[in-house]
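Notes follow once the structure below has been shown.
Everything numeric in this text was worked out from a predicted model, so none of it was measured. Any value given below was found using the heavy atoms of this structure, including those in side chains, with hydrogens, waters and symmetry copies removed.
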Amino acid sequence: MSRRVVRQSKFRHVFGQAAKADQAYEDIRVSKVTWDSSFCAVNPKFLAVIVEAGGGGAFIVLPLAKTGRVDKNHPLVTGHTAPVLDIDWCPHNDNVIASASDDTTVMVWQIPDYTPMRNITEPIITLEGHSKRVGILSWHPTARNVLLSAGGDNVIIIWNVGTGEVLLSLDDMHPDIIHSVCWNRNGSLLATTCKDKTLRIVDPRKGQVVANNFEEPVALQEMDTSNGVLLPFYDPDSSIIYLCGKGDSSIRYFEITDEAPFVHYLNTFSSKEPQRGMGFMPKRGLDVSKCEIARFYKLHERKCEPIIMTVPRKSDLFQDDLYPDTPGPEPALEADEWLSGQDADPVLISLRDGYVPPKHRELRVTKRNILDARPPSGPRRSQSASDAPLSQHTLEALLQEIKALREQVQSQEQRITALENMLCELVDGTD
């Protein structure tokens with residue numbers, strides 16, 4: 001008599017549950033543009049959704065706690081002259097988001113902690129380099145200010161957002177439309193899919209395809225007969241992959257292991273209405289006290305609904321096995337370090353006491369002067385009196401003036417912060 005052996009896994013009983021009605025975001029005019037991106041991006045502070053907009057492209061940004069009915073006059077982030085196709089929050093600064101558009105540009109925005117009174121129309125920087133629409137964005141997981149964009153011109157561009165410069169341009173690797181691009185955990189390689197039905201593993205700094213011949217799949221899973229695009233979300237902490245079909249009404253999830261058969265079906269979350277898009281909360285934004293291991297933000301036609309994935313546990317104590325240290329908001333590298341060939345794993349944080357978002361941080365853009373790189377033209381002139389070394393007295397006076405100006409700037413910044421906080425309190429008081 002044979003006995004069926006049941007595979008042991010702490011994720012066998014993971015279940016999904018839609019949030020209560022008052023925890024959803026109502027009256028959002030979700031974009032009707034036919035594009036394969038998720039149309040939604042979320043972090044521990046904000047929810048962003050691409051919306052319908054006349055005469056250009058726009059998306060809405062809501063504080064995560066601002067649930068319920070959204071005011072029809074709620075400010076939008078506008079600036080693109082054609083529909084927005086993709087948005088992505090910076091993993092190292094929860095107030096910075098990038099948007100890609102049919103107008104061939106990428107824009108990077110600073111979102112204030114308070115709700116602005118009118119539309120945000122001025123990006124921190126506009127990145128221009130694509131010749132056709134830009135439909136894919138992805139921030140580097142470990143290097144500060146490094147952003148990837150892919151466009152209808154079959155080109156991948158990697159930018160240094162801090163300077164507005166193109167770090168790398170991969171323009172001869174894909175013969176057709178690029179469907180998706182994903183970094184690996186330390187940002188040393190890219191995985192891309194293309195209309196030519198080829199999956200490529202790319203080393204962007206060498207400009208080489210290092211693998212694209214996958215003859216036999218590790219596992220083959222029959223999904224359904226829907227022709228909607230699949231939106232995959234992978235959680236490396238739990239080794240669970242979630243598959244959300246755009247236009248489908250379910251989320252299927254699987255556990256990945258190191259031993260055959262490698263992929264194990266866990267369960268399916270089903271609901272009545274199909275999803276127009278889906279946002280995936282970073283692990284540091286979850287409620288560890290409720291054993292929440294994933295949270296999705298499902299887009300309907302007129303609303304956004306949180307869906308919570310939970311591992312049932314009886315204990316109220318912190319569950320170490322569910323929450324290993326996870327990537328935090330601090331970058332491990334600067335853009336120049338990564339470009340020079342350095343790699344580093346994400347800087348990890350513990351979720352034992354929950355995650356507290358850092359204070360508002362500004363993204364500063366430094367435009368380099370192209371003249372700095374040019375050699376001086378003409379014969380070198382002799383040193384004039386104005387080029388002579390500064391006297392000690394003059395130097396001390398300059399230092400004193402710089403110190404006074406710095407103190408004045410700090411004082412003004414404190415005043416601005418105080419006024420913003422007062423404005424935020426007044427706005428919250430009137431809601």
- request: Could you tell me whether a side-chain N or O of Thr310 sits under 3.5 Å from a main-chain N or O of Pro312, the two making a donor and an acceptor?
  value: no
message: Is the shortest side-chain heavy-atom distance between Arg295 and Ile307 below 4.5 Å?
response: no
Interatomic distance, Ile177 atom CD1 to Thr193 atom OG1 [nearest 0.5 angstrom]: 11.5 Å
- prompt: In Å and rounded to the nearest 0.5 Å, what is the CD to CG distance from Glu26 to Asp22?
  reply: 10.0 Å
query: Do Lys66 and Asp71 pass the salt bridge (charged side-chain N to carboxylate O under 4.0 Å, His left out) test, and can you show the C-alpha distance, the side-chain angles, and the key distance before you say yes or no?
result: CA-CA 11 Å; Lys66 193 75 172 175; Asp71 188 335; over 6 Å; no
message: Donor-acceptor check, side chain of Arg276 to backbone of Ser31, threshold 3.5 angstrom: yes or no?
response: yes
task: Ignoring hydrogens and angles, tell me if any N or O in the side chain of Trp89 forms a donor-acceptor pair with the backbone of Asp94 under 3.5 Å.
output: no
message: For the CG atom on Asp320, are there more than 12 heavy atoms of other groups (residues, nucleotides or ligands in this structure) within a distance under 6.0 Å?
response: yes
message: Test side-chain hydrogen bond (donor to acceptor under 3.5 Å, both in side chains) on Glu330 and His92; report intermediate values, then the result.
response: CA-CA 6 Å; Glu330 288 302 318; His92 307 126; over 6 Å; no
query: Would you call Lys45-Asp113 a salt bridge at under 4.0 Å N-O?
result: yes
task: Kindly give the heavy-atom pair with the smallest separation between Pro204 and Leu168, and that separation in Å.
output: O-CD1, 3.5 Å
- request: State, yes or no, whether a side-chain contact exists between Trp159 and Val166 at a heavy-atom distance under 4.5 Å.
  value: yes
- request: Give the C-alpha distance, both sets of side-chain angles, the deciding distance and a yes or no for side chain to side chain contact (heavy atoms under 4.5 Å, CB included) between His300 and Val30.
  value: CA-CA 7 Å; His300 299 249; Val30 178; over 6 Å; no
- prompt: Are a donor atom and an acceptor atom from the side chains of Asn186 and Thr142 found within less than 3.5 Å of each other?
  reply: no
- line: Tightest non-hydrogen contact, residues Glu292 and Leu286, listed as O-CD1, 3.5 Å
- request: Taking the side chain as every heavy atom from C-beta outward, state whether Val155 and Leu170 have any pair of such atoms under 4.5 Å apart.
  value: no
- prompt: Are the side chain of Lys132 and the backbone of Asn154 linked by a donor-acceptor contact shorter than 3.5 Å?
  reply: no
- prompt: For Leu199 and Ala191, which heavy atoms make the closest approach, and how far apart are they?
  reply: CD1-CB, 4.5 Å
query: Donor-acceptor pair, Asp27 side chain versus Arg69 backbone, under 3.5 Å?
result: no
field: Check: Ser101 side chain, Pro83 main-chain N or O, donor-acceptor pair, under 3.5 Å
entry: yes
Pairwise distance CG(Asp88) to CD1(Ile97) - rounded to 0.5 angstrom: 7.5 Å
- prompt: Where does the angle between the aromatic ring planes of Trp109 and Phe59 fall among parallel (under 30°), tilted (30 to 60°) and perpendicular (over 60°)?
  reply: perpendicular
- request: Identify the two heavy atoms, one from Gly245 and one from Gln275, that lie closest to each other, and give their separation to 0.1 Å.
  value: O-NE2, 3.1 Å
task: Please tell me if the side chains of Ile402 and Leu405 come closer than 4.5 Å, counting only heavy atoms from C-beta onward.
output: no
field: Criterion side chain to side chain contact (heavy atoms under 4.5 Å, CB included) on Val311 and Phe15, from CA distance to verdict
entry: CA-CA 7 Å; Val311 176; Phe15 69 96; over 6 Å; no
message: Against the six-membered ring of Phe269, is Lys298 placed for a cation-pi contact (under 6.0 Å from the centre, within 45° of the normal)?
response: no
- request: Identify the two heavy atoms, one from Leu85 and one from Arg133, that lie closest to each other, and give their separation to 0.1 Å.
  value: CD1-CD, 4.0 Å
query: Are any non-hydrogen side-chain atoms of Leu231 and Leu243 less than 4.5 angstrom apart?
result: no
query: So, Asn119 side chain and Leu76 main chain: donor-acceptor pair closer than 3.5 Å or not?
result: yes
message: Would you say CD of Glu301 has more than 12 non-hydrogen atoms from neighbouring residues, nucleotides or ligands within 6.0 angstrom?
response: no
query: Which value, rounded to the nearest 0.5 Å, describes the distance between Asp321 atom CG and Lys10 atom NZ?
result: 5.0 Å
Lys283 and Asp235: CA distance, side-chain angles, deciding distance, salt bridge (charged side-chain N to carboxylate O under 4.0 Å, His left out) verdict: CA-CA 8 Å; Lys283 188 60 70 74; Asp235 175 14; 2.9 Å; yes
- request: In sequence, state the C-alpha distance, the side-chain angles, and the governing distance for His80 and Asp103, and then conclude on side-chain hydrogen bond (donor to acceptor under 3.5 Å, both in side chains).
  value: CA-CA 7 Å; His80 288 288; Asp103 66 9; 3.1 Å; yes
query: Do Ile60 and Val70 pass the side chain to side chain contact (heavy atoms under 4.5 Å, CB included) test, and can you show the C-alpha distance, the side-chain angles, and the key distance before you say yes or no?
result: CA-CA 10 Å; Ile60 191 170; Val70 177; 3.9 Å; yes
query: Which is it for Ser99 and Val106 under the side chain to side chain contact (heavy atoms under 4.5 Å, CB included) test, yes or no, and what are the steps along the way?
result: CA-CA 6 Å; Ser99 59; Val106 174; over 6 Å; no
task: Please determine if Asp343 and Arg205 form a salt bridge, counting it only when a charged side-chain N lies under 4.0 Å from a carboxylate O.
output: yes
- prompt: Checking His140 side chain against Ala143 main chain: does a donor-acceptor pair fall under 3.5 Å?
  reply: yes
- request: Would you check if the side chain of Gln17 reaches a backbone N or O of Met309 as a donor-acceptor pair within less than 3.5 Å?
  value: no
Approximate separation, where rounding is to 0.5 Å, of Lys32 NZ and Phe39 CZ: 11.5 Å
- request: Evaluate the side-chain hydrogen bond (donor to acceptor under 3.5 Å, both in side chains) criterion for residues Arg252 and Ser250: first the C-alpha distance (whole Å), next the side-chain angles of each, then the deciding distance (0.1 Å), finally the verdict.
  value: CA-CA 6 Å; Arg252 297 170 179 83; Ser250 61; 3.2 Å; yes
message: Just checking Gln23: does its CD atom have more than 12 heavy atoms from other residues, nucleotides or ligands closer to it than 6.0 angstrom?
response: yes
task: Please tell me if the side chains of Ile156 and Met173 come closer than 4.5 Å, counting only heavy atoms from C-beta onward.
output: no
- request: Determine whether the aromatic ring centres of Tyr242 and Phe233 lie less than 6.0 Å apart.
  value: no
task: For Asp153 and Ser131, indicate whether the former's side chain and the latter's backbone hold a donor-acceptor pair under 3.5 Å.
output: yes
message: Any heavy-atom pair between the side chains of Phe280 and Val42 that's under 4.5 Å?
response: no
Shortest non-hydrogen separation from Ile28 to Val51 and the atoms involved: CG2-CG1, 3.8 Å
message: For the CD atom of Glu255 and the OG atom of Ser239, what is their distance to the nearest 0.5 Å?
response: 7.0 Å
Non-hydrogen side-chain atoms of Pro327 and Leu348 separated by less than 4.5 Å: yes
